[in-house]
Amino acid sequence: MSEKKMTSSRRYALKSLILQIAQNWLEKEKKELVETKEAYMTEHCPPPDLSGDQNTLMETCKKLHALIDKLDEERYDIESKVQKADKEIEDLKTKVVDLVGMKKPALKKVRMSADAMLKALLGSKHTVNMDLRANLKQVKKETKEEPTEAVGDWRKNIEDKADRKKMFESA
């Protein structure tokens, strides 16, 4: 089946028609919202009775003031509950991070001398060269003292061997 492409003028006309319908819907929603607000206000907040003497007006003001105080207390209580809940959520998030832990990245091999590493860590403060061999202890080698009596003088040994040689020659 071959599908016919829509012309740009037809597409533009449909788009503008859809936008007009959406705009009408938005206007209707705004009107309905205003009407519901007015209906709610007339139902829950009747207009104050301002007729009467000064004492009745003072009583009305005191009632309104008490109602405002009560609402402020409720609002404060709700805000404190929300702040407490937010703090608890943050604490739980940190606990989750602590329990799960951070994945440690694989370390890369870097050829760096001890001096370069200290310079990178400490910055310009590092002025001492790190000579690891200088810090090593000097160990003196112990020489084993061999008993000189057992070995003796080498010349005597040769003379003894010469005597043995004579013994074999005479035999």
Side-chain angles (χ1 to χ4, degrees), residues 1-140:
M1 270 174 85
S2 65
E3 294 182 25
K4 293 183 179 179
K5 289 192 174 182
M6 193 182 308
T7 62
S8 62
S9 61
R10 173 88 173 139
R11 186 172 41 232
Y12 179 75
L14 289 175
K15 187 176 179 181
S16 62
L17 182 64
I18 291 172
L19 287 174
Q20 285 177 350
I21 292 171
Q23 188 175 10
N24 290 337
W25 285 352
L26 288 174
E27 288 174 3
K28 285 181 185 177
E29 284 181 12
K30 285 181 183 178
K31 287 179 184 177
E32 288 175 5
L33 183 64
V34 168
E35 289 173 2
T36 55
K37 280 184 181 179
E38 289 175 1
Y40 180 83
M41 291 301 287
T42 56
E43 182 180 334
H44 291 284
C45 299
D49 182 25
L50 299 178
S51 62
D53 61 349
Q54 187 175 2
N55 290 335
T56 57
L57 290 177
M58 289 291 282
E59 287 179 24
T60 307
C61 288
K62 287 180 182 178
K63 287 179 184 177
L64 289 175
H65 189 34
L67 182 63
I68 289 172
D69 285 343
K70 183 180 175 184
L71 291 175
D72 279 342
E73 288 176 8
E74 289 177 6
R75 181 181 54 85
Y76 178 77
D77 291 342
I78 292 172
E79 284 179 359
S80 64
K81 286 180 184 178
V82 168
Q83 288 176 351
K84 188 175 180 182
D86 287 343
K87 185 178 179 184
E88 188 175 341
I89 288 170
E90 289 298 320
D91 291 342
L92 290 174
K93 283 182 182 178
T94 56
K95 284 183 181 179
V96 166
V97 168
D98 289 344
L99 288 176
V100 172
M102 297 255 195
K103 291 184 179 178
K104 295 180 182 176
L107 298 177
K108 296 179 182 177
K109 291 183 180 179
V110 177
R111 296 188 75 127
M112 186 181 283
S113 68
D115 292 328
M117 198 176 304
L118 283 173
K119 193 168 191 175
L121 290 173
L122 301 176
S124 63
K125 295 178 185 177
H126 177 67
T127 56
V128 179
N129 287 337
M130 179 93 172
D131 186 13
L132 296 176
R133 294 183 186 201
N135 295 333
L136 296 176
K137 290 183 178 178
Q138 294 292 333
V139 178
K140 294 181 181 178

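Predicted, not measured: the structure shown is a model, and the values here were computed from it. For reference, positions follow the sequence shown, starting with 1.
A distance of 11.0 Å separates CG of N24 from CG of L19, quoted to the nearest 0.5 Å. The CD atom of E43 sits 11.5 Å away from the OG1 atom of T36 when rounded to the nearest 0.5 Å. We find the OG1-CG distance between T94 and L99 to be 9.5 Å, quoted to the nearest 0.5 Å. Taken from NZ in K5 to CZ in R11, the straight-line distance is 9.0 Å, to the nearest 0.5 Å. Taking CG from L26 and CD1 from I21, the interatomic distance works out to 12.5 Å, rounded to the nearest 0.5 Å.
Defined by atom type and a distance below 3.5 Å, a donor-acceptor pair is missing between the side-chain atoms of D77 and S80.
A 6.0 Å sphere centred on NE2 of H44 holds more than 12 heavy atoms belonging to other residues, nucleotides or ligands. In E27, the CD atom is crowded: over 12 heavy atoms of neighbouring residues, nucleotides or ligands sit closer than 6.0 Å.
Applying side chain to side chain contact (heavy atoms under 4.5 Å, CB included) to E90 and the options K93, E88, K87 leaves one that passes, K93. Exactly one residue among E74, K70, R75 makes a side chain to side chain contact (heavy atoms under 4.5 Å, CB included) with D72. That residue is R75.
For the pair Q54 and L57, the minimum side-chain heavy-atom distance is 4.5 Å or more.
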Quick one: do I78 and K81 satisfy side-chain contact (heavy atoms from CB on, under 4.5 Å)? Show the steps, please. CA-CA 5 Å; I78 292 172; K81 286 180 184 178; 5.5 Å; no

